[in-house]
Structures are given as structure tokens and as C-alpha cells.
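A short write-up of the structure that comes next.
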Amino acid sequence: MNKLLSALENVKQQLTVPPSGILTIAQTFQQEMIDGLTGKPSSLKMLPSYLTIPSGKETGKFLALDFGGTNVRVLLAELQGDGHFTIHAHHSRPLKDPQGKYNYISGKSTATDLFDFIARQIAEIASPDIFYPLGHTFSFPSRQTNANNAIALEWSKEIATQGVVGQDVNDLLTAALKRQGIFNVVPQVVLNDTVGTLLTAAYNDPCADIGCIVGTGHNTAYLEPSAPWTNAQMIINIESGNFAKLPSSVYDNTLDKITEKPNTQRLEKMCSGRYLGELVRLIAYDLIGSGLLAQQADARRILSKPDVLSAADVAMFIADNTPELTGIADWLKDHLQFGSSTHQDKVVLQTVASLVSLRSARLVAATFLGILRHIDPNLECCHTIGVDGSLYEKMPGYAENLSQTLQEPLQDKARLVKVLLAKDGSGIGAAVAVAITQNK
Ligand code: BGC
């Protein structure tokens, strides 16, 4: 075997999660959930949402704000009951302008800059003479004491805007709406995007009890049968992206060190779209030492810098099924100024991309197993897991890899567990949340 292929073999070993590893991760995850719920030290925050599952009969017209980290989206959604809804209007803007004109998520921006921008996006959809109750999806760890307040605990996904952590994000939004002269839009609920995804799935599926995002970030929420704060059913935001008790490769450790917040969000940095491209880049950079893209100083220099490779590039590498892997060859030419790649170079890059994506899907599935064991130890009931996010929706083979990983250990009980795309879950879920709290 040549040097490059044996180096690739080593990468494969580091990134493979065997069936026994899946079971161990599931077990540890379940224990961390219990520890988090009972106030013991745990990498899982287990945050209360003060929301429970909808009946599916909720109706009404609501504004939904979805602030996830890449874009801010505003929806005008109408719930029609019987699990049906219509989106009447939709507006989305990136939080960081691709042309560099503004960036509301860097450490140079303030909470006022960010929330004024968000309020202006709301004004794009809200007519000035109509009253709108608004559901606010805030997709970061936050501590709630009821469904309408949320103190931001910390940023994730490399966001660094000043003055948000420690504040109530609905207060920040309300103040910004006032500054922008918008008095007819009133935030009534604040929720995590995973909670919204679960609400969306549950709006038309009574078996839904787990909601997950695998997009820029990663996290899962579930319906806890007896939450410690109320001794009743409540959706809990696990903040599973921070799960830390799992084996990591040297590449994960290198990546962690160059992130905004090392030693946090370890699972998210192995699974989510914000980081998958970075992992492939770091592995490719390492393989250059074993002969990948041989002798190309430019390619080496470019690959040494963060963010040259995105999750969309990883998806393209995997999807390239042309005999000569021309998509990958073009990418190398356009991004690394490397016009003379060999077939082996391209196959190695495609293999690394597939390994990184497969590991992400398997790790996420392992956490689902941990949650299922916690809520239904003998697996007697049906469970629908609603998943939203660009990676789950668009990464070739991702959804299949996730389902297959779940099926292996569940065997004949696998028929009780469904994993579905809950498209726009975080947006629609905010409308469902407002409707639930209004009908109380
Ligand atoms: C955040 C979670 C969020 C997830 C998906 C993570 O970085 O901590 O709150 O649910 O991203 O958007």
C-alpha cells in the first residue's frame, strides 16, 4: 500500500464508530441526561422549556422569528388545526453579509446592532396596522423560568456578539422593536429551535417526542415524562451539542483548539455543518504530509487557513459520481489553485468527506438511542423523531446513515421508531408554541 493510502487507513480507524461504540455512547449519554436532570455534574445542560406537546388542534396566525446563527428568518404562519399549516409570508437575511458590508455575529457587534437588525427584518413582513403575537426561536443555550423569558447562557456556533450573554433575549428583542417604532409585534414565547422542531413534528404526529437539528449547529430536545421543575411532562432542551464523554480523534482535538470556545460543544464540533468542512480541511492538510496533492506549496498554504472548505463542499465531494470526479477536480482548481490533481487525490478527498459525514450521522443516532432508553427503556411505544437542518436535509446519504445506525441495535423494535424531516421546524414550531400558550 502506498504511503497516502496507509495514512488514509489510519484516518478511517480514527473516525469509525463501531456498533459497540454506538452502544457505549448511548449508555453514557443516557447517564449524562440523568445527571443533568438531577443537578449532578454533566456535559448536558437539560434546560426546561416550560412547553409541552400540542394537541394538533391549535389554530391562529402568528409571526415566527427564527434566529439560528447563519440567517435570521421571519415567517407569517397560519395554523389551521388537524396538523395543517400555511406559510403566508417568508423573509430571510444572512447575519453576516457575504460581500462583507455588515457582520452582526462578530465580537465587534453589539446586542443593540444585532437586535435592531432582527427587528428591521420583522418589519419587512409585519403590516403596521395588524397586531401580531410573535414566537421567538433563539437557537442557543438559554435558561428559562417560564415560556416567555430566556437568559442567554453562552454563544455557540462561533458567534461572538457582545452584550447578549447574561441578558433576557426577549427583553432585548422587545427593546429593539420599540427603538424601531414597531409596537404591534409582541414576543409571547421564546424557545430553542430543537423544541420548535419537536413541536412541528408533534403538531401532526402524536408519536413525536424527540426534535433535533443537524444544521450549522447540532442539538436535540425531547419530551420528559416528569420534569424536575414541575413533576409533569415538559419538553427539555438537552443542549446535546455539548456532550463531551465520547472518544475524539486528533483532528477533533486540533479543531477544538482553534474554535472561539475550546472545550465546549465537543459533539457539535464532530457533527454539525459549521465544523464538518473544517474537519475535512484539517485531515486533508495532514494527509499532504503523506503525499496528497503532492508538492503543491499553494494548496498547502491555502489549506492551512480556516474555513476554506464548507459543509456544502463536503456534500459536493460526496455527491460527485462522475467517473473522473470532475466536481472535486474543479473545486481543487478553483479553491486551491491546484490544476493537476491525480485520481487518487480526488478519491482520498471523497473518502475523507464520506467518513466525516458518516461519523456525524452515527454519533447523532447514538444520542437518539440514549434518549429512547431514557424515555422508554423497554421500547414499548411508538416514537417519531423530527429532524431539521441543512445537513440532515441535504448531505447525500446522511438521513439513510442515521436511520440505519438506529436500526442495527433496535432490531425488530426499529419499526416503532420513525425519523422524519421536520422541514422549517424551528419556524413553524414558534407559531405552535404561541398557540399552545394562548390556549392555556
Ligand atoms: C446551540 C443549540 C441549538 C443548535 C442548533 C447549538 O449550537 O447551542 O441551542 O439548538 O446549535 O441550532
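Numbers here simply count residues along the sequence, with the first being 1. Both counts, for ligands and for their atoms, begin at 1 and track the order of listing.
- Under the 3.5 Å distance criterion, the side-chain polar atoms of Asp82 are left unmatched by any main-chain donor or acceptor of His84.
- Taking the six-membered ring wherever Trp is involved, the centroid distance between the rings of Phe140 and Phe138 falls below 6.0 Å.
- Side chains of Gln265 and His218: a donor-acceptor N/O pair is absent below 3.5 angstrom, by distance only.
- When ring centroids are compared, Phe62 and Tyr132 stay outside the 6.0 Å threshold.
- Ring-plane geometry between Phe85 and Tyr203 is classed as tilted, the angle between the planes lying from 30 to 60 degrees on a 0 to 90 degree scale.
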- Check step by step if ring pair (Phe, Tyr, Trp, His ring centres under 6.0 Å) holds for Tyr102 and Tyr104. CA-CA 7 Å; Tyr102 63 82; Tyr104 295 111; 5.1 Å; yes
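- The shortest contact between atom 11 (O) of ligand 1 and any protein heavy atom is with Lys157 NZ, 3.1 Å.
- Residue contact check: Asn219 has heavy atoms under 4.0 Å from atoms 2 (C), 3 (C), 4 (C), 9 (O), 10 (O) of ligand 1.
- Heavy-atom proximity to Thr194, at under 4.0 Å, picks out these atoms of ligand 1: 10 (O).
- Considering backbone and side-chain N/O atoms, Glu239 comes within less than 3.5 Å of an N/O atom of ligand 1.
- A salt bridge between Arg266 and Asp256 is present, with a side-chain N of the basic residue lying under 4.0 Å from a carboxylate O of the acidic one.
- Contacts between Pro141 and ligand 1 below 4.0 angstrom, taking non-hydrogen atoms only, involve backbone and side chain alike.
- Numbered from 1 in the order shown, with element, the atoms of ligand 1 that lie under 4.0 Å from a heavy atom of Asp193 read 3 (C), 5 (C), 10 (O), 12 (O).
- By the 4.0 Å heavy-atom criterion, Gly241 is excluded from the residues contacting ligand 1.
- Contacts between Thr216 and ligand 1, counted as non-hydrogen atom pairs separated by less than 4.0 Å, are absent for every part of the residue.
- For the ligand labelled ligand 1, residue Arg274 lies outside the 4.0 Å heavy-atom shell.
- Per-residue contacts place Ser156 under 4.0 angstrom from the following atoms of ligand 1 (heavy atoms of the residue considered): 1 (C), 6 (C), 7 (O), 8 (O).
- A distance-only check finds a donor-acceptor pair linking the side chain of Asp313 to the backbone of Ser310 [under 3.5 Å].
- Residue Glu268 approaches ligand 1 through these ligand atoms, each under 4.0 Å from one of its heavy atoms: 6 (C), 7 (O), 11 (O).
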